[in-house]
J.: 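Okay, handing you the structure first.
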Number of protein chains: 2
Amino acid sequence: MTRATAQETVLGSLRSDILTGRLGPGDQVVQELLAERYGVSRVPIREALKTLESEGQVVYFPHRGYFVAELSVADLLEVYRLRAILEAEAIRQAVPTLGLDDVEALAELMAEIESAAAQGDIIAMTAANRRFHFALFDAAGLPRLSRILHQLWEATDAYRALYFQGAENRDRVAREHARMLSALRKRDAEALVRLHDEHREHSVGAVSAILAARDR
Amino acid sequence: MTRATAQETVLGSLRSDILTGRLGPGDQVVQELLAERYGVSRVPIREALKTLESEGQVVYFPHRGYFVAELSVADLLEVYRLRAILEAEAIRQAVPTLGLDDVEALAELMAEIESAAAQGDIIAMTAANRRFHFALFDAAGLPRLSRILHQLWEATDAYRALYFQGAENRDRVAREHARMLSALRKRDAEALVRLHDEHREHSVGAVSAILAARDR
DNA sequence: ATCCGACAGATTGGATCCAATCCACCGACT
DNA sequence: AGTCGGTGGATTGGATCCAATCTGTCGGAT
């Protein structure tokens, strides 16, 4: 067993700190503090932060440090606009290649989301939700596209957890996923793209409401 | 005047080393070597490499190091496919917003490309070429889209220089740019998208020929 | 009252050192 | 011949230390 490097584990911890709001948008990321929290020196912290910087999760000002990125409404709309374009491309490419077993794997992932939702475990739910969507995107066999989509999703991570806190949002997500799965079983790519678009629209609406409330 | 940090200057140097082939695709990037070459310690090198990693310019294997990314033909086609989708979006968004002065600025940039080409300065030419295209893309006012496009362009940097070495390629690029500019003057976004597509097609053809020759 | 510069604490940037890991080589054994 | 295990050099990963920069505060001058 080859142990993970500290920068990798730190990267994961940082992501979850941002996801859970322990590090909130706009906060300065003080390296010394994190070094102590994670029990490592500042070097691996800095490398992990560089990775997050290029994903747009944090912003960097030389000699001042790293700050958790704040999403403006314009940013948010741009992220969702780009996701709409790129996810449609991924879905159209992926659907024809999916076998029966792939569809069943997706059904399995969907069940995972719901079971996490039932237990009210938001962290597990966002993780399962991501696996569900990316299982579909990854099936397109376009690794760069997957990577870009990952970056776009991560940009809104800090806000997605808030979205899932609303029980009515969780229910709607479950219903929408079920409809997506049935379109998938029919191999109807266009219907799936359309459902995906609606799914995304609902989420952008809710998240921008959260954003607007926060800015006030 | 605030001096640039070492990691920034190193990042620039690394980019140009990759662009010029001093660091060729597949080469291991030995940190100690670069530290000596640039007169800094390994720390800023590592941070610059992390940035390049997330752009896909280098790949990283824990405990083994960084290697200059090699582009497969499939990668190349994917990059161009994504560029086609995203650049079309940028152009459609940008064209209606362009004022007379913006168009003149673009004409100016085009002249820069040609003057660099006339002097056979490939480095200056690729730089001017990029400024020309991105002046257009950036005008869309979608910063994330610009950033993604930057990453996609950088992924093929190592090969673009080779493309411009052919005099016939340089001439064709100049002709195509001129036609793009005249579509722009008419504010004909659709024509511009079409010309851009052709422009890109020519380049992907030439670059994949280079790639194929290289792999043999 | 406002602006300006000096100073102090906090934080980041970078250099150096040591530990952990990898890898190529080599000899022994099957 | 081929495989296995060990060994040494090379390279990366991380910790610690010091220098450089930033930021807020406090006097003092205007």
Side-chain angles (χ1 to χ4, degrees), chain A residues 1-18 21-70 147 158, chain B residues 1-18 21-70 147 158:
Chain A
M1 174 56 192
T2 129
R3 259 193 37 250
T5 59
Q7 43 179 303
E8 291 174 295
T9 56
V10 164
L11 183 57
S13 306
L14 275 172
R15 281 193 209 287
S16 91
D17 278 0
I18 291 175
R22 185 169 186 183
L23 287 173
D27 288 357
Q28 174 162 13
V29 181
V30 182
Q31 300 169 11
E32 190 65 46
L33 204 86
L34 295 178
E36 197 163 344
R37 181 184 298 175
Y38 303 140
V40 297
S41 82
R42 277 172 46 218
V43 176
I45 306 264
R46 278 156 66 172
E47 294 188 330
L49 284 170
K50 267 277 167 282
T51 302
L52 291 176
E53 184 205 356
S54 56
E55 291 174 1
Q57 295 254 70
V58 300
V59 293
Y60 169 66
F61 303 98
H63 299 294
R64 296 194 33 228
Y66 294 86
F67 297 79
V68 179
E70 290 186 274
R147 224 169 74 167
Chain B
M1 173 58 193
T2 126
R3 258 193 37 249
T5 59
Q7 43 179 303
E8 291 174 296
T9 55
V10 165
L11 183 58
S13 306
L14 274 171
R15 282 194 208 285
S16 92
D17 279 359
I18 290 174
R22 186 168 184 185
L23 287 172
D27 289 358
Q28 174 163 14
V29 181
V30 181
Q31 300 169 9
E32 190 65 46
L33 204 86
L34 294 178
E36 197 163 344
R37 180 185 298 175
Y38 303 140
V40 297
S41 82
R42 277 172 47 219
V43 176
I45 306 266
R46 278 156 66 172
E47 294 189 329
L49 284 170
K50 266 279 167 278
T51 303
L52 291 177
E53 185 205 355
S54 56
E55 292 174 359
Q57 295 255 70
V58 301
V59 292
Y60 169 67
F61 304 99
H63 299 295
R64 296 194 33 229
Y66 294 87
F67 298 79
V68 180
E70 291 185 273
R147 221 170 77 166

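Just so we're on the same page: letters track the sequence lines, and every chain starts at 1.
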J.: How many whole angstroms separate atom CG of L33(A) from atom C1' of dT11(C)?
T.: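 Distance, rounded to whole Å: 12 Å.
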J.: State whether S41(B) places a side-chain N or O below 4.0 Å from either non-bridging phosphate oxygen (OP1 or OP2) of dG14(C).
T.: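 No, S41(B) has no side-chain N/O under 4.0 Å of OP1/OP2 on dG14(C).
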J.: Could you walk me through whether L34(A) and V29(A) satisfy the side-chain contact (heavy atoms from CB on, under 4.5 Å) test, starting with their C-alpha distance in whole Å, then the side-chain angles of each, then the deciding distance to 0.1 Å, before giving a yes or no?
T.: CA-CA 8 Å; L34(A) 295 178; V29(A) 181; 3.2 Å; yes
J.: Could you state the atom-to-atom distance from CZ of F61(A) to P of dA20(D) in whole Å?
T.: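 Spelled out: CZ on F61(A) to P on dA20(D) is 24 Å.
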J.: In whole angstrom, give the distance that lies between atom CD of E36(B) and atom C1' of dT11(D).
T.: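 Rounding to the nearest Å, CD of E36(B) and C1' of dT11(D) are 15 Å apart.
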J.: Between I45(A) (CD1) and dG13(C) (C1'), how many Å, whole number?
T.: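 It works out to 15 Å between those atoms.
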J.: Would you kindly give the CD-to-C1' distance between E8(A) and dT21(C), to the nearest whole Å?
T.: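 My rounded result for the distance is 14 Å.
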J.: Any side-chain heavy atom of E32(B) within less than 4.5 Å of one from I45(B)?
T.: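 The answer is no, as the side chains (C-beta and beyond) never meet within the 4.5 Å cut-off.
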J.: Quickly work out the Q7(B) CD to dT21(D) C1' distance and round it to whole Å.
T.: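 Going from CD in Q7(B) over to C1' in dT21(D) covers 14 Å.
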J.: Atom CZ in R46(B), atom OG1 in T51(B): separation rounded to 0.5 Å?
T.: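 If we round to the nearest 0.5 Å, R46(B):CZ and T51(B):OG1 are 13.5 Å apart.
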J.: Measure from CZ on F67(B) to P on dT12(D) and round the result to the nearest Å.
T.: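 Answer to the nearest Å: 8 Å.
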J.: Assess whether a salt bridge exists between E53(B) and K50(B), defined as any Lys/Arg side-chain N lying under 4.0 Å from an Asp/Glu carboxylate O.
T.: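 Counted as a salt bridge, because a side-chain N and a carboxylate O are separated by less than 4.0 Å.
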J.: Within less than 4.0 Å of OP1 or OP2 of dG13(C), is there a side-chain N or O belonging to Y60(A)?
T.: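 Indeed, a polar side-chain atom of Y60(A) lies that close.
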J.: Among dC22(D), dC22(C), dG14(C), which is the nearest nucleotide to the side chain of H63(A)?
T.: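 For the H63(A) side chain, the nearest candidate turns out to be dC22(D).
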J.: For V29(B), which contact category applies under a 4.0 Å heavy-atom criterion: base, sugar-phosphate, or nothing?
T.: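 If one applies the 4.0 Å heavy-atom cut-off, V29(B) turns out to touch the sugar-phosphate alone, with no base involved.
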J.: Check whether any side-chain N or O of Y66(B) sits under 4.0 Å from OP1 or OP2 of dG13(D), and answer yes or no.
T.: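 Checking dG13(D) against Y66(B), no side-chain N or O comes under 4.0 Å of OP1 or OP2.
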J.: So does R46(B) reach the base of dG14(C) with its side chain, donor to acceptor, closer than 3.5 Å?
T.: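 It does not, because no donor-acceptor pair links the side chain of R46(B) to the base of dG14(C) below 3.5 Å.
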J.: If the cut-off is 4.0 Å, is Q28(A) near the phosphate of dT12(C), judged by side-chain N/O to OP1 or OP2?
T.: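 For dT12(C), OP1/OP2 do have a side-chain N/O of Q28(A) under 4.0 Å.
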J.: Output the distance between atom CD (Q7(A)) and atom CG (L14(A)), rounded to the nearest 0.5 Å.
T.: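 The CG atom of L14(A) is 12.0 Å from CD of Q7(A), to the nearest 0.5 Å.
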J.: Let me know the distance between CZ of R42(B) and P of dA10(D), rounded to the nearest Å.
T.: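 Atom-to-atom, R42(B) to dA10(D), this comes out as 15 Å.
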J.: Ignoring backbone atoms, establish whether R64(A) has a side-chain N or O less than 4.0 Å from OP1 or OP2 of dT23(D).
T.: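 So the side chain of R64(A) is within the cut-off, an N or O lying under 4.0 Å from OP1 or OP2 of dT23(D).
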J.: Would you indicate which nucleotide in dA15(C), dT21(C), dG13(C) comes nearest to any side-chain atom of P44(B)?
T.: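 Given the options dA15(C), dT21(C), dG13(C), the side chain of P44(B) is closest to dA15(C).
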J.: Can you see if the side chain of Q31(A) gets near the phosphate of dT11(C) - specifically, an N or O under 4.0 Å from OP1 or OP2?
T.: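 It does not, given that no N or O in the side chain of Q31(A) lies less than 4.0 Å from OP1 or OP2 of dT11(C).
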